[in-house]
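Working notes for the structure below.
Just so it is clear: chains get the letters A, B, ... in the order the sequence lines come, proteins before strands, and each one is counted from 1.
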Amino acid sequence: MAEVYNWQLGRKMQYVFEEAHPQKQFTAVFNINRCIGCQTCTGACKATWTFSKGQEYMWWNNVETKPYGSYPQHWDIKILQLLDEAHAAQKKQATWDATKTDDTAPYGTYNGLTIFEATDGNQNAIGYIPEDKEWRAPTFYEDTSNSYKGDKLGISTQGVSLPEHQTWFFYLQRLCNHCTYPACAAACPRKAVYKRPEDGIVLIDPARCRGYRKCVEECPYKKSMYRGTTRTSEKCVACYPRVEGNDPLSEGVPMETRCMAVCPGKIRLNGLVDVAADGSWVEDPKHPMYFLVKQEKIALPLYPQFGTEPNIYYIPPRWAPRAYLHQMFGPGVEAAIARYAAPSRELLAVLQLFRTTQKMIFRYEIEEGPLVHETEINGQPWQMYNDTVIGFDAKGREAVRLSVVEPLHERPPERLNTI
Amino acid sequence: MSYDDFADDPMEMIGLVMPGEPGQLEAMAECLVEEYVRLGWDAPRLLTLFVNPMFMATYRIYQQKGETYVRELIDRTCAKWGVYLNREQGVSHG
């Protein structure tokens with residue numbers, strides 16, 4: 001095992017390979033607060049990549065309703081349980097020390113074990129292989145009623161009562177995190193999994209893969225999947241032809257992936273960030289990803305305690321229990337929600353950029369507009385300005401221009417149904 | 001086909017009640033009301049979401065917190081966003 005630095009944990013940790021970083025890193029920010037769970041992303045990914053024989057139960061992108069749903073079933077609960085057991089065996093606590101934070105440790109320091117450090121020596125990272133049945137129903141346990149005894153036609157004679165939940169749930173959008181320290185790559189005995197130096201996308205080389213399923217076992221996010229018809233494992237490829245700028249639509253500049261580009265709720269923003277030799281992000285305050293993740297810190301990694309340094313970031317839902325969110329996104333949750341609920345003038349403008357162009361945005365500028373609204377949020381005065389935000393593509397060309405106040409177009413009564 | 005035919009089905013649906021935490025119901029209520037007010041819904045229309053038991057989430061808030069709480073929350077949220085919406089976008093409020 002080598003020693004590598006994980007900035008999300010604020011400390012060095014054990015990993016199979018020596019520390020090495022790509023020039024750029026594929027990243028995304030998902031705003032959970034906006035997601036309506038329509039699964040359009042899921043369908044777009046399915047229709048693009050996993051529509052063939054042997055891929056029927058394979059959903060590289062899925063949206064699950066937390067806390068009830070998960071694909072494969074209970075994946076996160078099972079990994080958290082394995083991690084808990086390892087902590088108990090080693091008499092350690094999985095705690096965060098968030099008292100000291102800086103640029104190299106923005107969420108403080110994680111004092112517990114990662115999935116790489118919790119192993120008993122037989123694996124490179126703790127994990128399990130889900131059973132076939134756990135992959136079969138990607139939305140199972142979501143919005144389900146109590147089971148009941150029906151008559152011979154299956155119809156209840158008594159009527160069915162739904163369980164009364166406390167009023168909260170949220171949608172969690174999931175795909176491969178294209179981790180900085182991928183557990184799938186650490187697991188593979190054939191070294192068939194690799195991280196591309198140009199954009200940090202993690203891929204499986206089908207020519208090297210022999211289908212041992214170690215990546216399926218040790219990816220904590222369960223985003224490597226086995227395909228019986230080819231006897232190889234497959235995973236999200238981050239729509240790399242689009243990211244490379246090879247799609248004719250993009251005029252040679254990187255484009256957002258299919259799942260990002262179709263989002264009707266405008267919850268997703270996809271980009272490439274420059275990575276320094278030490279793995280830190282090159283300071284670029286006018287890059288939307290850098291601004292959201294590093295500067296405003298409103299977008300947080302999913303289960304950072306796993307230790308893989310995932311590169312998909314989430315703006316946590318402001319209505320869900322903080323203890324649950326803290327477990328899922330780490331100690332940055334409270335501050336992130338506070339900043340999101342009362343956004344700064346610049347943040348409000350940058351939030352408009354989500355899902356407004358298929359081209360990846362590499363830089364933004366803001367043209368100041370007039371004050372349009374003053375109110376109070378959480379007892380503090382808050383102003384809203386109708387600024388204009390402009391996004392630029394990889395070649396520095398203007399890709400999109402939006403105002404904070406969205407124009408409202410009302411269809412006249414005489415043409416209400418003219419579609 | 002009846003569920004009884006799958007008596008040993010490992011995928012049988014099980015309904016569970018998830019625990020909440022103090023202040024979370026209020027946060028949820030605030031988010032819901034704010035969302036609809038910013039969409040341009042007026043107070044009487046918004047109240048129907050709470051009094052109608054078919055809308056489980058809002059009805060639960062109505063049941064637990066009472067009508068006075070819901071009315072005050074709607075009024076407060078309309079005051080927070082309503083003036084701006086009226087002036088800028090011409091959306092009418094009741």
Side-chain angles (χ1 to χ4, degrees), chain A residues 33-34 36 66-68 73 131 133-134 136-137 140-156 160-170 317-325 337 341 370-378 382-384 386 405-410, chain B residues 1-7 9-35 37-40 49-50 53-65 76-92:
Chain A
N33 294 272
R34 282 184 180 173
I36 56 171
K66 289 298 179 195
Y68 315 108
Q73 279 168 24
E131 293 177 42
K133 70 180 184 204
E134 294 173 311
R136 260 182 227 144
F140 210 75
Y141 291 121
E142 300 185 10
D143 311 322
T144 52
S145 67
N146 284 313
S147 61
Y148 65 93
K149 265 190 142 23
D151 61 14
K152 62 181 179 185
L153 293 173
I155 299 167
S156 168
V160 179
S161 63
L162 291 163
E164 281 209 12
H165 304 296
Q166 292 293 326
T167 317
W168 72 278
F169 68 85
F170 62 87
R318 49 190 270 217
W319 59 81
R322 299 300 188 263
Y324 187 85
L325 295 178
I337 291 177
L371 176 72
V372 289
H373 186 52
E374 282 184 287
T375 189
E376 223 174 63
I377 297 179
N378 299 330
W382 184 80
Q383 289 89 27
M384 180 170 159
N386 190 15
V405 178
E406 293 182 19
L408 181 76
H409 304 286
E410 206 165 319
Chain B
M1 193 176 280
S2 160
Y3 268 114
D4 297 343
D5 297 339
F6 299 97
D9 184 358
M11 307 281 279
E12 187 182 9
M13 293 188 277
I14 305 161
L16 285 176
V17 176
M18 294 299 296
E21 66 182 28
Q24 175 215 310
L25 189 77
E26 290 80 355
M28 188 77 239
E30 199 181 304
C31 289
L32 285 164
V33 171
E34 195 162 283
E35 190 76 19
V37 166
R38 294 181 71 176
L39 279 174
L49 282 186
F50 287 85
M54 294 304 290
F55 300 108
M56 283 187 65
T58 40
Y59 184 63
R60 186 178 175 82
I61 294 164
Y62 181 79
Q63 269 186 318
Q64 287 194 9
K65 304 294 289 184
R76 203 167 57 240
T77 313
C78 281
K80 183 172 158 188
W81 294 107
V83 176
Y84 158 69
L85 288 169
N86 273 325
R87 193 182 64 224
E88 291 296 320
Q89 301 186 349
V91 179
S92 63

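In this structure, B/E35 has no salt bridge (charged side-chain N to carboxylate O under 4.0 Å, His left out) partners at least two apart in sequence or on a different chain. In this view, A/E374 satisfies the salt bridge (charged side-chain N to carboxylate O under 4.0 Å, His left out) rule with no residue, not counting sequence neighbours.
The closest side-chain heavy-atom distance from A/K133 to A/Q73 is not below 4.5 Å. Side-chain contact check for B/F55 versus B/L32: every heavy-atom pair is 4.5 Å or farther apart.
Interface remark: of the candidates A/R322, A/E376, A/R318, A/R318 forms the most heavy-atom pairs closer than 4.5 Å to chain B.
Contacts of B/E34 with chain A are made by side-chain atoms alone, with heavy-atom separations under 4.5 Å and no backbone atom involved. Residue A/A341 does not touch chain B at all, counting heavy-atom pairs closer than 4.5 Å.
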